[in-house]
Amino acid sequence: MDPSLYDNVMFTTHRPEVIFTSGKGSWLSDITGKHYLDFVQGWAVNCLGHCPEVLTQALTQQASTLWNCSPAFYNVPQLALSEKLTQASGLDKAFLVSTGAEANEGAIKLARKWGQVHKSGAYKIITMEGGFHGRTLATMSATGKPAFGTMFEPKVEGFVKVPFNNLQACEDAIDESIVAILLEPVQGEAGVLPATQEFIEGLASLCQQHNILLMFDEVQTGIGRLGELFAAQVYGVQPDVMTLGKGLGGGAPLAAVLAKDSVCCFEPGEQGGTFSGNALMCGLGLAVLNTVNQNHFLDQIKDHSTYLQEALATLFGKHSLRGHGLLLAVSLEQACASAIVEDCFAEGLIINAPNEECLRFMPALNVSKPEIDKMMSILTSVMKNRCSA
Ligand SMILES: Cc1ncc(COP(=O)(O)O)c(C=O)c1O
């Protein structure tokens, strides 16, 4: 491949000079024919792995039926997916979009509108230090990632950051201007940091007490990633608003805002988007949900999670392990995570380092035990070489 071809892609991040050509299940192949075991899966997106038969069929079938009839009309997959999502989540309405950031923008706008209608114009949203909500201007402003601190100033106003898992700090931040609390139940980009049970339950009762909205960003945790369909079920707490993305489309751009009836107060013209409720994407989302939302599928995620956790605990120590389901991380004693990720990549294994002290694992939800064994064998030999170097 002519290296100058890379120059046509706008630079936004450092990428290895490898070109991927195909994928199947947990495996990716590059243009030279090298195979990679993929434990990142498009950033926790391809929940059924690469090119799963069930999604290829759903896509093909929908592609020959209807792609897009404009967001100004209803279509069959949009209605079916909205019904499935509301039934599964216990929420009442779904607004379907393309990306996690767009879903969070929608949730932020919905909270602000609800504040105008029901809370005398309250508009500020409490978000968490370390939390991640996307890369649009408002979702970057809601994000508590230190690196975003001074980027693209001025930020969108109206987000009050508090330390994660600190209920008192949340309570102290609530005043008449606050309309909602928005958080990831497990902070993914911060390195897989789960909220404590007490924190989530405490937030739910604070929200009730002060009549403000509890909003879960489940873009990374939703659609079976934690071993239940939603993190809300892991914690046994019902939010007023939930956002989904990533796994919902199984690798294609699909995201959602789900909300209680009592919160839905948009008037015509206030919310929309060309691809909202797109039939082609919704057809895929429906097939994803039908597959993941089967008891044995979720049971298998839990079983394989235990298997992977035991293997990681043997290599890194139990104390260094955190996460739920197939969103797991280990903390490292030395700050060398990106070097380990690079070594693994050279050996044909894709894992992720959210920061220098942490390795993250987010394989396909249908990853097999032999694939977990293979991943561990590559990682073990990389760790051995690194640590004895
Ligand atoms: C929790 C969370 N929210 C929102 C987003 C943004 O999603 P997208 O990149 O699809 O806009 C991400 C992406 O990593 C995420 O992890």
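All values below were derived from every heavy atom in this structure, side-chain atoms included, with hydrogens, water molecules and symmetry-related copies excluded. Every number for a ligand or one of its atoms is a count from 1 in the order of the listing. All residue numbers refer to positions in the sequence shown, counting from 1.
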Apply salt bridge (charged side-chain N to carboxylate O under 4.0 Å, His left out) to the pair K34 and E347, showing each step before the final yes or no. CA-CA 10 Å; K34 181 174 171 182; E347 296 302 317; over 6 Å; no
Is any NZ, NE, NH1 or NH2 atom of the basic residue among K260 and D92 found under 4.0 Å from an Asp or Glu carboxylate oxygen of the other? no
Check residues 13-25 and write down every donor-acceptor pair under 3.5 Å in which the side-chain atom is one partner and the other belongs to a residue at least two apart or another chain.
from: T21; atom 1: OG1; to: S29; atom 2: O; distance (Å): 3.2
from: K24; atom 1: NZ; to: C51; atom 2: O; distance (Å): 2.7

Could you check [atom] against the protein and tell me its nearest heavy-atom contact, residue, atom and distance included?
{"atom": "atom 16 (O) of ligand 1", "answer": "Q220 NE2, 2.9 Å"}
{"atom": "atom 15 (C) of ligand 1", "answer": "F132 CD2, 3.7 Å"}
{"atom": "atom 3 (N) of ligand 1", "answer": "D217 OD2, 2.7 Å"}

Against heavy atoms of [X], which atoms of ligand 1 measure under 4.0 Å?
{"X": "T99", "result": "10 (O), 11 (O)"}
{"X": "V219", "result": "2 (C), 3 (N), 4 (C), 5 (C), 7 (O), 12 (C), 15 (C)"}
{"X": "N104", "result": "3 (N), 4 (C)"}
{"X": "E184", "result": "1 (C)"}
{"X": "A101", "result": "6 (C), 7 (O), 8 (P), 11 (O)"}

Check each heavy atom of K246 against ligand 1 and say whether those closer than 4.0 Å belong to the side chain, the backbone, both or neither. side chain
Return the option from G249, A44, G100 holding the heavy atom at the smallest distance from atom 10 (O) of ligand 1. G100
Taking only residues two or more places apart in sequence or in another chain, which ones pass ring-ring contact (aromatic ring centres under 6.0 Å, His included) with F159? none
Between the side chains of S26 and D38, is a donor N or O closer than 3.5 angstrom to an acceptor N or O? no
Do E356 and S338 pair up side chain to side chain, a donor and an acceptor below 3.5 Å, judged on atom types alone? yes
Under 4.5 Å between side-chain heavy atoms, hopping through other hydrophobics if needed: is there a path connecting I301 to L48? yes
